[in-house]
Amino acid sequence: MARMSVDDKLALSVFHTDEANPHIVINEDYDNEEEIRKVVLACPAALYHYDNGKVTFSHEGCLECGTCRVLSIGKVVKSWDHPNSTCGVQFRQG
Ligand code: SF4
């Protein structure tokens with residue numbers, strides 16, 4: 001059996017997104033560029049973006065790794081919870 005790349009494994013994951021209740025909420029007015037760049041670079045799913053001095057975020061595709069919570073709770077990240085039951089990511093390959 002051939003070894004799978006991380007990207008190939010992640011492509012098999014299934015996401016059940018709770019559109020009405022994002023499990024991560026950010027401070028959209030946060031303006032410390034250094035702190036913002038930390039979460040932009042650290043998020044393995046590339047869900048944070050920084051353009052024209054503004055941070056944006058989408059919870060769709062979140063891997064629930066908690067990295068942004070550890071790095072930036074109270075800064076960029078206003079609140080972080082696990083998704084409601086039956087929602088979130090289902091990893092199919094590790
Ligand atoms: S929990 Fe992980 S994957 Fe989800 S937004 Fe934060 S850093 Fe990105």
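Both counts, for ligands and for their atoms, begin at 1 and track the order of listing. The structure displayed is predicted, hence computed values, not measured ones.
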Check for a donor-acceptor pair, side chain of [X] on one end and backbone N or O of [Y] on the other, with a separation under 3.5 Å.
X   : Y   : answer
N84 : C87 : no
D18 : N21 : yes
D81 : H23 : no

Salt bridge flag under 4.0 Å for residues E34 and R37: no
Side-chain ion pair, D31 and K54, N-O less than 4.0 Å: no
For atom 5 (S) of ligand 1, the closest protein heavy atom turns out to be F57 CE1, 3.6 Å
Can you name the atoms of ligand 1, numbered from 1 with element, that are less than 4.0 Å from a heavy atom of Y48? 5 (S)
W80 neighbourhood, listing ligand 1 atoms whose heavy-atom distance to it stays under 4.0 Å: 1 (S)
Using the ring of each side chain (for Trp, its six-membered ring), is F57 parallel, tilted or perpendicular to Y48, with breaks at 30° and 60°? tilted
Are Q93 and L12 close enough, and set up right, to give a side chain to side chain contact (heavy atoms under 4.5 Å, CB included), and what steps lead you there? CA-CA 7 Å; Q93 285 286 328; L12 297 174; 3.5 Å; yes
Ignoring water, what protein N, O or S atoms are under 2.8 Å from atom 4 (Fe) of ligand 1? C62 SG
